[in-house]
Amino acid sequence: MIKIWSMKKNEDAAAKKKPKTSAAQIRVQKDLTELDLPSTMKTNFPDPADLLNFTLTITPDEGMYKGGAFVFSFAINTNYPHDPPKVKCTQTIYHPNVDLEGNVCLNILREDWKPVLSLNSVMVGLQYLFLEPNADDPLNKDAAQEMSRNRDAFLQNVKYSMQGRSVKGVQFDKVLVR
Amino acid sequence: MGSQFTDWQGRYYHIDQVLDKPGPRTDPAFLAGDGVKDFLRNQAKILVIGAGGLGCEILANLALTGFKDIHVIDMDTIDISNLNRQFLFRTKDVGKPKATVAAEFIMKRVPGVKVTPYFGKIQDKDDDYYLQFNLVICGLDSVEARRWMNATLVNLVDPENPESLKPLIDGGTEGFKGQARVILPTITSCYECSLDMLNKPTAFPICTIANTPRLPEHCIEWASVLEWPRVKGDKKLDTDDPEHIGWLYTAASARAKEFNIEGVTWSLTQGVVKNIIPAIASTNAIISGKSRTLETTESVDNTHPAAACCNEAFKIATSSAAYLNNYFMLIGTDGVYSYTFEHEKRDDCPVCGGESLELSISSEFTVEQLIELLVEKQDIQIKKPSLSTPTTQIYLQAPPQLEEATRPNLTKKVSELVPPEGEVTVTASTLPFNLSLRVTYT
């Protein structure tokens with residue numbers, strides 16, 4: 001058997017016994033404690049002992065979604081950061097990039113996710129969707145079509161939906177907070 | 001076990017060419033002759049993880065190389081689609097555990113070898129189990145299992161005990177591409193160090209799947225990502241359940257028809273949802289080491305591309321030739337290309353990087369005092385540390401809600417939260433990754 005230990009001594013490696021904490025757990029702790037969120041975003045942990053499941057509330061202070069409070073659920077699995085966090089909108093909202101089931105179309109949540117990205121990048125990305133909805137990559141096709149064809153009607157629909165009214169027969173959740 | 005069995009005439013003729021005399025590049029510590037042969041054949045205990053495509057090749061190679069005490073772990077049972085390349089299995093074995101069948105086959109075919117199977121998960125076994133082996137070879141198909149195995153072996157390293165350092169040889173194949181690497185836990189780069197080199201699994205933009213499908217894969221992804229949760233609610237999709245695959249296949253076919261897309265089949269559906277890349281027998285053979293003749297080991301040096309798992313296991317166990325340092329890749333998609341390089345250890349690797357500190361404090365010390373101590377410590381230069389143990393959060397600086405929830409711990413004694421010799425993970429924005437503390441009390 002090769003004498004690996006002697007190489008170790010030469011490397012003057014200090015005692016490097018590592019904890020049993022999983023890499024995913026450490027990484028989440030690091031991501032969360034280093035979140036740098038503007039006042040428009042707030043995290044909430046239903047169980048503070050569970051760092052892997054929580055919600056994020058976004059209250060945009062500008063743009064067409066201003067005045068609303070949008071709640072997203074985050075579920076992180078043990079394969080993080082190889083796998084992206086699973087993010088869903090918990091409310092029924094009228095948005096070109098969020099469907100009625102709460103699925104979110106954000107590139108870094110799927111095809112462009114990389115382990116170098118962090119929870120902070122995902123959260124900033126989500127907020128961006130409310131400032132600049134993107135009609136070119138629609139998940140709610142009706143909303144996207146309305147947005148590119150008739151902007152005024154779209155703005156009206158956004159406003160109604162946020163008040164908890166129905167738009168084209170779909171009942172939306174009231175998300176207005178002020 | 002070797003005692004009651006005598007090897008057949010000439011069995012080791014070729015291997016003994018390597019073990020009876022040093023070659024030009026053998027390690028100076030190599031002692032040719034009976035000692036090394038005895039170690040290889042009667043003492044070395046080796047663990048093989050996975051008895052699938054790579055695992056079958058690895059088991060056969062090890063047995064034929066002269067390893068006689070082999071253990072194998074696999075949690076899968078044999079599927080009919082495995083038979084084309086997993087050559088230790090026959091049609092009659094379908095449905096049986098891979099580990100058990102593979103072990104029986106090897107023992108029958110190569111007399112004198114003892115293969116001990118375990119049909120279950122690697123996570124079922126504890127540190128003491130892994131400590132009994134000299135070497136671990138992985139032939140796995142999942143990133144998650146590799147990360148677990150890698151972290152376990154890195155964690156196993158006890159500064160007081162040289163025997164606790166277990167070399168890990170990791171093989172992997174994906175279609176015509178393959179890779180073999182040697183990981184010496186805490187010395188060379190580990191699996192986690194190279195996590196960002198992985199290809200990300202193919203994922204399609206969710207908007208494409210939802211609105212503008214163009215490929216049969218888009219329809220299948222639509223069925224599994226959007227339709228399943230919508231129709232089935234919280235029911236979890238089991239990709240091994242033929243009924244679930246059938247449901248997806250039906251849904252995807254209907255959608256494909258709607259958009260005039262051709263090519264949705266049962267096997268493509270299964271392939272997409274299970275993220276299957278067709279495995280190729282010859283790639284498995286190269287990576288596991290079958291096509292490498294042992295004679296080449298004599299001339300192998302650090303940069304020679306001839307490197308594959310069992311070859312490495314043999315060289316590490318016998319020190320008869322320099323072993324792979326530390327990453328061999330094979331690309332067989334256009335011709336045959338291989339390259340060997342030293343993948344560098346990452347200081348900020350969450351598994352093997354970061355610093356580790358032994359800390360002896362009074363059992364009366366509070367969490368707050370511990371934090372002050374860390375902040376004042378000149379050699380680590382830490383600001384605003386957050387602390388946790390593997391089971392609980394001790395104190396987190398942010399976000400505000402978690403800070404508030406953990407704040408009551410500040411006045412508690414560390415000894416109430418962390419057992420003696422217990423480990424505390426410290427993260428802080430000033431640390432590249434994390435610092436682990438091993439706390440003892442006075």
Side-chain angles (χ1 to χ4, degrees), chain A residues 1-8 11 13-27 29-30 32-35 37 42-45 48-49 51 54 77-79 81-84 97 99 101 103-107 109-116 134 136-141 144, chain B residues 27 29 39 44 134 143-144 147 151 154-155 157-159 162 165 167 184 186-187 192 195-196 198 200 203-207 210-211 226 229-230 316-317 319 323 350-352 354-356 358 386 388-390 392-393 396-399 401-402 405-406 423-425 427-429 433-434 436 438:
Chain A
M1 197 67 189
I2 53 160
K3 298 276 174 276
I4 315 166
W5 201 253
S6 50
M7 300 164 40
K8 192 165 172 61
E11 283 216 339
K16 277 201 172 175
K17 180 89 178 157
K18 298 288 293 181
K20 299 279 180 290
T21 313
S22 77
Q25 192 81 28
I26 300 175
R27 174 63 196 267
Q29 177 179 326
K30 188 161 171 70
L32 285 175
T33 51
E34 287 167 29
L35 281 180
L37 297 179
K42 202 167 173 253
T43 51
N44 180 49
F45 292 80
L51 297 187
F54 56 90
N77 70 22
T78 51
N79 216 13
H82 181 64
D83 290 351
N97 310 110
D99 72 11
E101 271 79 43
N103 296 302
V104 184
C105 187
L106 181 64
N107 62 340
L109 282 176
R110 280 180 67 84
E111 71 275 12
D112 290 332
W113 170 260
K114 302 181 193 73
V116 293
N134 177 2
D136 297 333
D137 294 321
L139 204 52
N140 181 337
K141 221 168 164 179
Chain B
D27 191 281
F39 177 79
N134 298 100
V143 173
E144 202 164 349
R147 282 179 78 188
V154 173
N155 287 333
V157 178
D158 174 355
L165 204 155
L184 304 177
T186 71
I187 295 175
E192 196 81 17
L195 204 63
D196 54 2
L198 286 171
K200 55 186 176 224
F204 304 105
I206 197 160
C207 11
N211 293 307
L226 296 171
R230 197 180 67 81
I316 287 173
S319 45
Y323 56 88
V351 169
C352 75
E355 295 196 46
S356 170
E358 303 266 337
S386 294
S388 67
T389 68
T392 49
Q393 280 95 48
L396 300 186
Q397 302 272 357
Q401 187 202 354
L402 295 181
T406 52
E423 280 149 344
V424 177
T425 304
T427 60
S429 48
F433 210 85
N434 69 309
S436 64
R438 190 163 232 249

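Quick caveat: nothing in here was measured; it's all calculated off a predicted structure. Within every chain, numbering begins at 1; the chains are lettered A, B, ... in the order of the sequence lines, protein sequences first and strands thereafter.
Partners of A/Asn103 according to the side chain to side chain contact (heavy atoms under 4.5 Å, CB included) rule, which considers only residues two or more places apart in sequence or in another chain, are A/Lys88, A/Asp99, A/Glu101, A/Leu139, B/Ile206, B/Leu226. Partners of A/Glu34 by side chain to side chain contact (heavy atoms under 4.5 Å, CB included), not counting sequence neighbours, listed by chain and number: A/Lys30, B/Ser429.
Between the side chain of B/Glu192 and the backbone N or O of A/Ala23, no donor-acceptor pair lies under 3.5 Å. A side-chain donor-acceptor contact under 3.5 Å links B/Gln401 to the backbone of A/Phe45.
Here the closest non-hydrogen pair linking A/Pro115 and B/Leu195 is CG-O, 4.5 Å. The heavy-atom pair separating B/Thr425 from A/Gln29 by the smallest distance is O-NE2, 3.7 Å. The heavy-atom pair separating A/Leu32 from B/Pro399 by the smallest distance is O-CD, 3.7 Å. Looking at every heavy atom in both residues, A/Pro138 comes nearest to B/Cys207 through O-CB, 3.1 Å.
Here the CG atom belonging to B/Leu402 is positioned 9.5 Å from the OG1 atom belonging to A/Thr33, to the nearest 0.5 angstrom. Taking CG from A/Asn79 and CZ from B/Arg147, the interatomic distance works out to 5.0 Å, rounded to the nearest 0.5 Å.
The greatest number of non-hydrogen atom pairs below 4.5 Å with chain B, out of A/Leu35, A/Leu106, A/Asn44, is found for A/Asn44. Ranked by heavy-atom pairs under 4.5 Å with chain A, the list B/Ala151, B/Ser388, B/Ala210, B/Pro229 is led by B/Ser388.
Heavy atoms closer than 4.5 Å to chain A are found nowhere in B/Thr406, neither backbone nor side chain.
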